[in-house]
Novice: 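Structure incoming, see below.
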Amino acid sequence: MNTQLSQISRHRKVVTAGVLTAAALLAGAGVASAAGPVTGTGTGSGAHGVPAATVIHFAHGATAASVKGTVGPGEDDRYVFDAKAGQTASFHLARSTSAQTWTLVGPTGPAVHDAHSSRQSDFTYRLPETGRYYVDIVSTRPSSYRLDLSIPATTKPGTKPSTGTKPGNGGGVHGDLPVVAEATKIDFPAGRTSASVTAKVGPQDRAAYTFEAKAGQRARIQLDGSSTGTFALIAPDGTPLHTTKSRNQSDVTVTLPTSGLYRIDVQDAVHSGAQQLTLSIPRR
């Protein structure tokens, strides 16, 4: 059964039910759009590698599109779409099992929807940034899904993009918790290749850190504290390299794809307390 689902996943295709073309959606926004359909591979995330992305294409003159596929343990189906700050994106996920969850990450991270959200079927969010957004779908059991995405063509005059969602309410344009926490830069002491910081996090608190690295370096991230603590690792271009729903949250090593400023977001949706984050980057 798992083999059949994996074969289907590798051959899944995007089903367009109309949405604005990326070029129309981003007219004047200065954001590049993909030119042709791409098929993702469901290769996993974090320590298992960065999955290939399937572009959600928008048919001319429409405001909705659908994608469908299958995903199982160790697989990660990733989709990307481009949008403008202030637009409202509505997601509907029809899934064959409650073991399936998904994450939404903005152009500069962190996740604005993840596996801890109670709204895994329907979620609406006013997009805070112009750029490329990432949707990752995972499951602990073999499963199928259909994801419907709707993005109206224009933003509402005089509205301000949402900056947060309250844990457990599934998001929307309201909420008390900032999505993008103020980040603290991690600097290594002279002659050292690792550093540790202590983050106080909980259902109402997140912590964020940044670090500089070069393409090809390997970063080891260790998180020690509550068993429900999680972290996300975001590349300089906004690509999620590890998300809060990845199974390994305690000790992960990732080969960094590009040079620049990386971001780590730490959270705990269940307990409040201290998490020790250790970052190690051996010299090349």
Novice: For residues R95 and Q120, report the shortest heavy-atom separation together with the two atoms involved.
Specialist: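 Here R95 and Q120 meet closest at NH2-CB, 3.3 Å.
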Novice: Would you say S250 and L223 make side-chain contact, with heavy atoms under 4.5 Å?
Specialist: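 In short, these two side chains do not touch, never coming nearer than 4.5 Å.
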Novice: When rounded to the nearest 0.5 angstrom, what is the spacing between CZ in R119 and OH in Y125?
Specialist: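 Rounded to the nearest 0.5 Å, the CZ-OH separation comes to 15.5 Å.
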Novice: Give every residue pair that meets the ring-ring contact (aromatic ring centres under 6.0 Å, His included) criterion with at least one member in residues 213-233, sequence neighbours excluded.
Specialist: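 Counting only pairs at least two positions apart or across chains, the ring-ring contact (aromatic ring centres under 6.0 Å, His included) contacts touching residues 213-233 are F231-H242.
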Novice: Could you report the tightest heavy-atom contact between R263 and A208, atom names first, then the distance?
Specialist: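 Reported closest heavy-atom pair: NH2-CB, 3.3 Å.
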Novice: With heavy-atom distances below 4.5 Å as the criterion, would you say the side chains of V55 and F81 are in contact?
Specialist: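 No, side chains not in contact.
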Novice: Taking side-chain contact (heavy atoms from CB on, under 4.5 Å) as the test, write out the residues that go with T140, two or more places apart.
Specialist: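 Checked T140 against side-chain contact (heavy atoms from CB on, under 4.5 Å); matches are A99.
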Novice: Is there a donor in the side chain of T103 and an acceptor in the side chain of D136, or the other way round, less than 3.5 Å apart?
Specialist: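 Not at all, the side chains of T103 and D136 share no donor-acceptor pair under 3.5 Å.
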Novice: Say whether, by atom type as modelled, one donor and one acceptor occur between the side chain of S96 and the main chain of S144 under 3.5 angstrom.
Specialist: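 Pair found, side chain donor or acceptor close to backbone of S144.
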Novice: If you take all heavy atoms of P73 and R247, which pair is closest and at what distance?
Specialist: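 It is C-NH2, 4.2 Å.
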Novice: Find the distance between CD (Q222) and CG (L277) and round it off to the nearest 0.5 Å.
Specialist: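 Answer rounded to 0.5 Å: 9.0 Å.
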Novice: Quick one: salt bridge (Lys or Arg N to Asp or Glu O under 4.0 Å) pairs with a partner in residues 216-228, sequence neighbours left out?
Specialist: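 Pairs touching residues 216-228 that pass the test: R220-D251.
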Novice: S90: which residues meet the side chain to side chain donor-acceptor pair (under 3.5 Å) condition with it, sequence neighbours left out?
Specialist: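 For S90, the residues satisfying side chain to side chain donor-acceptor pair (under 3.5 Å) (neighbours in sequence not counted) are T124.
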Novice: Please check if the distance between the ring centroids of W102 and F123 is under 6.0 Å.
Specialist: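 Centroid separation for W102 and F123: below 6.0 Å.
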Novice: Measure the spacing between OG1 of T210 and CD1 of I186 and express it to the nearest 0.5 Å.
Specialist: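 If we round to the nearest 0.5 Å, T210:OG1 and I186:CD1 are 7.5 Å apart.
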Novice: Is there side-chain contact between E129 and K84, with heavy atoms separated by less than 4.5 Å?
Specialist: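 No - every pair of side-chain heavy atoms lies 4.5 Å or more apart.
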Novice: First locate atom OG1 of T130, then atom CG of D82, and finally report the distance between them rounded to the nearest 0.5 Å.
Specialist: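 The OG1 atom of T130 sits 10.0 Å away from the CG atom of D82.
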Novice: If every non-hydrogen atom of I137 is compared with every non-hydrogen atom of L93, which pair is closest and at what distance?
Specialist: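 In this case the closest contact between I137 and L93 is CD1-CD1, 4.3 Å.
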Novice: List in chain and number order the residues that pass side chain to side chain donor-acceptor pair (under 3.5 Å) with Q267, two or more places apart in sequence or in another chain; answer none if no residue qualifies.
Specialist: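 With sequence neighbours excluded, Q267 shows a side chain to side chain donor-acceptor pair (under 3.5 Å) to D114, given in chain and number order.
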Novice: Can a side-chain donor-acceptor contact be found between R141 and T97 if the only test is distance below 3.5 angstrom?
Specialist: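 Checked: T97/R141 side chains pair up, N/O donor to acceptor below 3.5 Å.
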Novice: Can you tell me which residue pairs pass the ring-ring contact (aromatic ring centres under 6.0 Å, His included) test with a partner in residues 255-284, sequence neighbours excluded?
Specialist: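 Sorted result for residues 255-284: F211-Y262.
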Novice: When rounded to the nearest 0.5 angstrom, what is the spacing between CZ in F91 and CG in L149?
Specialist: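 So the gap between those two atoms works out to 5.0 Å.
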Novice: Looking only at non-hydrogen atoms, find the nearest pair between G229 and Q249 and report the distance.
Specialist: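 Answer, listing the atom of G229 first, then Q249: O-CB, 3.9 Å.
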Novice: In the structure I gave you, are the side-chain heavy atoms of D77 and T54 within less than 4.5 Å of one another anywhere?
Specialist: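 The answer is no; the side chains never approach within 4.5 Å.
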Novice: Whether the side chain of S150 engages the backbone of T63 through a donor-acceptor N/O pair (distance < 3.5 Å, no angle test) should be reported.
Specialist: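 Yes.
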Novice: Would you find a donor on one side and an acceptor on the other, under 3.5 Å apart, between the side chain of R126 and the backbone of G86?
Specialist: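 Answer holds: yes.
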Novice: Answer yes or no: is there a side-chain heavy-atom contact under 4.5 Å between I221 and V254?
Specialist: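 Side-chain contact under 4.5 Å: no.
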Novice: Please tabulate, for side-chain N and O atoms in residues 191-201, each donor-acceptor pair with protein atoms closer than 3.5 Å (sequence neighbours left out).
Specialist:
| residue | atom | partner | partner atom | Å |
| --- | --- | --- | --- | --- |
| S196 | OG | T278 | OG1 | 2.8 |

Novice: Dump the intermediate steps for side-chain contact (heavy atoms from CB on, under 4.5 Å) on Y209 and K185, then the final yes or no.
Specialist: CA-CA 5 Å; Y209 301 92; K185 189 173 182 181; over 6 Å; no
Novice: To the nearest 0.5 Å, how far apart are CD in E212 and CD1 in I281?
Specialist: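 Atom-to-atom, E212:CD and I281:CD1 are 10.0 Å apart.
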Novice: Identify, with sequence neighbours excluded, every residue that meets side chain to side chain donor-acceptor pair (under 3.5 Å) alongside T230.
Specialist: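 Once residues adjacent in sequence are excluded, T230 has no partner under the side chain to side chain donor-acceptor pair (under 3.5 Å) criterion.
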Novice: Minimum heavy-atom separation for F188 to L279, with atom names?
Specialist: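 Closest pair (atom of F188, atom of L279, distance): CE2-O, 3.6 Å.
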